[in-house]
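Have a look at the structure below before the remarks.
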Amino acid sequence: MNEQQFIPTKYSNTIDSGKFTWSSPSNIAIVKYWGKKKDQIPENSSISFTLETCKTMTSLSFTKRKLSSNFSYDVFLDNEKKEDFKPKIETFFKRIEVYLPFLKNYHFVIETTNTFPHSSGIASSASGMSALAMCLMSIEKQANPGMTTHYFNQKASFLARLGSGSACRSIEGDLIVWGKHGMIDGSSNLFGIKYPYDVHPVFKNYQDTILLVDKGEKQVSSTVGHDLMHGHAFANQRFKQANDNMAKLIGVLKNGDVDAFIEIMESEALSLHAMMMTSIPYFILMKPNTLEIINKIWLFRQNTGLPISFTLDAGANVHVLYPEKHMKQILEFIKNELVAYCQNGHYICDKIGFGAKQL
Ligand code: DP6
């Protein structure tokens, strides 16, 4: 399996104009991707739950134009033109042009909207880049109608990865692995795959209540964050830890050992933050309320024995994860005890989901 397989040789149809719309979800990593090599190749394997509620809806309209040496596109968020989104799209188009050689033949209008507020501290790059990759694949499929769904999704994931690494885990559900791992058949550095082994029913419909502790712009962009792993004193141990955690998870996902699952997930979240605290320059991305929430979760777990747990992305918000079976009691606890630590009391009830959908 290599990049060459995604370079099209010929298209059977020519298309003048059209419009495709896709909705694509965010995802939450259990084992984290933090550190990458050239060309968006991850330093370690990662696994995530695809989400259901936090999504980006993107429409891509395209009209044929005279071939030119530059890309032509306008980007809108919530009907407002966003000049500041253009550099990221430009980089994305440059990276994927060889795999979608028609890009310079069209003028594109990208209209996008999120189900979650833009400034919620929830990363929109995974859902945004995966939605755009799906729209682009719809154009390619129209040009090559014989394309299989498997190829469509795999190439969409491959393209999304070149927009934002974690976006390659947002095409399908419900558990996605990205990054070559010796114990996971079919795993690849180039795209996400559906987790191929048995998953215990306790993980079906797993709940994720996202507590918005800090809705500001990210303090450290993920690009800067990944860069911090170059020359980091603990980098190699961290990549090994992540790959070891992936190996441990295989048994845990199969036998439904939620305590072991929680230990891996929380350790991953804290290790990710530990990497940022120990890099040069160093950052503390948690806020006082992040810590308050974590301590309350631990206390509640100790007192009730309920399998409530947390994970974090590269920011202050807390994802509270728990089996659907305990939803009533845990949501009550969240509302009574944790929501007070959220900015303006904001939180989002999400759960494991099944991937992108064409609208
Ligand atoms: C902390 O996918 O946002 O969410 O590839 O530079 O776009 P780029 O990074 P990005 O990094 C996400 C990092 C993370 C962990 C994870 O989702 O695995």
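We use all heavy atoms of the structure for the numbers below, so side chains are in, but hydrogens, waters and symmetry mates are not. Note that ligands are numbered from 1 as they come in the structure, with each ligand's atoms numbered from 1 the same way.
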Top protein contact for atom 3 (O) of ligand 1, by heavy-atom distance: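 Of every protein heavy atom, Ser222 OG, 2.9 Å lies nearest to atom 3 (O) of ligand 1.
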Closest protein heavy atom to atom 15 (C) of ligand 1, given as residue, atom name and distance to 0.1 Å: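 Result for atom 15 (C) of ligand 1: Tyr33 O, 3.4 Å.
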Test side-chain contact (heavy atoms from CB on, under 4.5 Å) applied to Ile210 and Phe116, step by step: CA-CA 11 Å; Ile210 309 166; Phe116 47 91; over 6 Å; no
Any N/O pair Gly165/ligand 1 closer than 3.5 Å: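 Among all N and O atoms of Gly165, at least one is under 3.5 Å from an N or O of ligand 1.
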Any N/O pair Asn27/ligand 1 closer than 3.5 Å: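 In this structure, Asn27 places no N or O atom under 3.5 Å from an N or O of ligand 1.
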Using a strict cut-off of 4.0 Å, indicate which atoms of ligand 1 neighbour a heavy atom of [X].
X      : result
Ala29  : 16 (C), 17 (O), 18 (O)
Trp34  : 1 (C), 13 (C)
Asp313 : 4 (O)
Ser125 : 3 (O)

Close approach, Ser46 and ligand 1, non-hydrogen under 4.0 angstrom: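 No, Ser46 has no heavy atoms under 4.0 Å from ligand 1.
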Qualifying residue, where the test is side-chain hydrogen bond (donor to acceptor under 3.5 Å, both in side chains) with Lys32 and the options are Asn245, Thr311, Asn44: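 Answer to the side-chain hydrogen bond (donor to acceptor under 3.5 Å, both in side chains) test with Lys32 among Asn245, Thr311, Asn44: Thr311.
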Which segment of Ser164 sits under 4.0 Å of ligand 1 when only heavy atoms are counted: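 Ser164 to ligand 1: contacts from backbone and side chain alike.
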Test side-chain contact (heavy atoms from CB on, under 4.5 Å) applied to Phe20 and Leu359, step by step: CA-CA 8 Å; Phe20 291 106; Leu359 302 176; over 6 Å; no
No-hydrogen, no-angle side-chain donor-acceptor test under 3.5 Å, Tyr341 and Thr290: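 The answer is no; no qualifying pair exists.
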Residues His181 and Ser45: side-chain donor-acceptor under 3.5 angstrom: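 No pair is found: no donor N or O on one side chain lies under 3.5 Å from an acceptor on the other.
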Among His273, Lys32, Arg169, closest by any non-hydrogen atom to atom 16 (C) of ligand 1: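 Closest candidate by heavy-atom distance is Arg169.
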Option of least heavy-atom distance to atom 9 (O) of ligand 1 (set: Lys36, Lys88, His226, Gln40):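 When every heavy atom of Lys36, Lys88, His226, Gln40 is considered, His226 comes closest to atom 9 (O) of ligand 1.
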Hphob cluster co-occupancy, Leu162 + Phe85, side-chain heavy atoms under 4.5 angstrom: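 Linked, Leu162 and Phe85 end up in one cluster.
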Same apolar cluster: Trp34 and Val31, side chain cutoff 4.5 Å: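 Hydrophobic grouping puts Trp34 apart from Val31.
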Aromatic ring pairing Tyr106/Phe62, orientation class (parallel under 30°, perpendicular over 60°, tilted between):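 Geometry flag for Phe62 against Tyr106: perpendicular rings.
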